[in-house]
Amino acid sequence: MCFTSTPRGARLARRLVSHRLHDWGHPYASRVNETVTLVTAELTANAVRHGRVPGRDFHLRLTHAASGGAIRVEVTDTRAEKLPTPGTPAADADCGRGLLIVEALADEWGVTPRACAPGKTVWAEFRTR
């Protein structure tokens, strides 16, 4: 799905993920729903804050492998030159902890170049079984 590169777009993407997970059998208050929704919030906020190109949207893809129980979140933006890396922010910094949260909560995560266009996809996977 495509969302505007605004805080509202990031919020709508997060809400969509939570609703979709609930429909897939992971209730709103479950560990899986809360964890995947939180990571989605971090990835979409990063796409809006750091990956935004004026006039371009970000894309969200959420998949659920029924056989293996894995959930994958992919957020694609149009900025290829800013590759995300987790770092240690200063103790009094207001930001800089998002990818540390992703790294701690996801079973795997990474960055891949966007296919067929400039940009990148940041993805996270979660094993649910």
Side-chain angles (χ1 to χ4, degrees):
M1 295 200 66
C2 185
F3 295 90
T4 59
S5 291
T6 63
R8 181 175 186 263
R11 180 175 49 91
L12 291 173
R14 174 185 51 83
R15 291 186 60 158
L16 171 80
V17 166
S18 182
H19 290 307
R20 184 65 48 92
L21 290 169
H22 179 79
D23 291 344
W24 287 345
H26 303 286
Y28 294 115
S30 70
R31 180 190 59 80
V32 169
N33 193 306
E34 290 180 347
T35 301
V36 175
T37 300
L38 175 61
V39 168
T40 301
E42 292 297 338
L43 296 180
T44 57
N46 283 350
V48 169
R49 185 172 185 161
H50 305 293
R52 183 177 183 274
V53 172
R56 301 288 174 104
D57 298 330
F58 72 88
H59 297 262
L60 169 75
R61 183 173 183 210
L62 180 68
T63 56
H64 185 265
S67 60
I71 295 172
R72 182 177 173 108
V73 177
E74 298 177 358
V75 177
T76 303
D77 63 49
T78 54
R79 295 278 307 260
E81 71 276 9
K82 286 193 167 187
L83 296 178
T85 55
T88 305
D92 60 346
D94 290 346
C95 59
R97 294 173 182 81
L99 288 178
L100 294 174
I101 292 170
V102 172
E103 190 171 54
L105 296 177
D107 292 308
E108 291 183 59
W109 79 279
V111 183
T112 56
R114 184 177 180 190
C116 303
K120 65 187 170 302
T121 299
V122 183
W123 56 269
E125 289 184 347
F126 306 86
R127 290 185 288 277
T128 59
R129 291 187 184 155

Quiz item: Where do Leu62 and Arg72 land on the side-chain contact (heavy atoms from CB on, under 4.5 Å) test, with the steps shown first?
Solution: CA-CA 6 Å; Leu62 180 68; Arg72 182 177 173 108; over 6 Å; no
When you measure from the side chain of [X] to the backbone of [Y], do you find a donor-acceptor pair of N or O atoms at a distance under 3.5 Å?
X	Y	answer
Arg52	Ser5	yes
Asn33	His26	yes
Lys120	Arg79	yes
Ser30	Pro27	yes
Thr35	Val32	no

Quick check: closest heavy atoms across [X] and [Y], and the distance to 0.1 Å?
X	Y	result
Ala47	Val75	CB-CG1, 3.7 Å
Ala124	Leu43	CB-CD1, 4.4 Å
Gly69	His64	O-NE2, 4.5 Å
Val48	Ala10	CG2-CB, 4.0 Å
Arg14	Ala41	CD-CB, 3.6 Å

Quiz item: What's the verdict on side-chain contact (heavy atoms from CB on, under 4.5 Å) for Phe58 and Thr78, showing C-alpha distance, side-chain angles and the deciding distance?
Solution: CA-CA 7 Å; Phe58 72 88; Thr78 54; over 6 Å; no
Any side-chain heavy-atom pair of [X] and [Y] under 4.5 Å:
X	Y	value
Val73	Trp123	no
Met1	Arg61	no
Thr121	Val111	no
Ile101	Leu38	yes

Supply the atom-to-atom distance [X] [atom1] to [Y] [atom2], rounded to the nearest 0.5 angstrom.
X	Y	atom1	atom2	value
Arg31	Thr128	CZ	OG1	8.5 Å
Arg11	Thr44	CZ	OG1	11.0 Å
Asp77	Asp57	CG	CG	11.5 Å
Arg20	Thr40	CZ	OG1	12.0 Å
Ile71	Thr63	CD1	OG1	8.5 Å

Quiz prompt | Near-ring test His19/Tyr28, centroid separation under 6.0 angstrom | solution = yes
Exercise. Mind running salt bridge (Lys or Arg N to Asp or Glu O under 4.0 Å) on Arg127 and Glu125 for me, showing each step along the way?
Key: CA-CA 7 Å; Arg127 290 185 288 277; Glu125 289 184 347; over 6 Å; no
Quiz item: Is it true that atom CZ of Arg56 has more than 12 heavy atoms of other residues, nucleotides or ligands lying nearer than 6.0 Å?
Solution: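 Incorrect, the count does not exceed 12.
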Exercise. Apply side-chain contact (heavy atoms from CB on, under 4.5 Å) to Phe126 and Val36, showing your working.
Key: CA-CA 8 Å; Phe126 306 86; Val36 175; 3.7 Å; yes
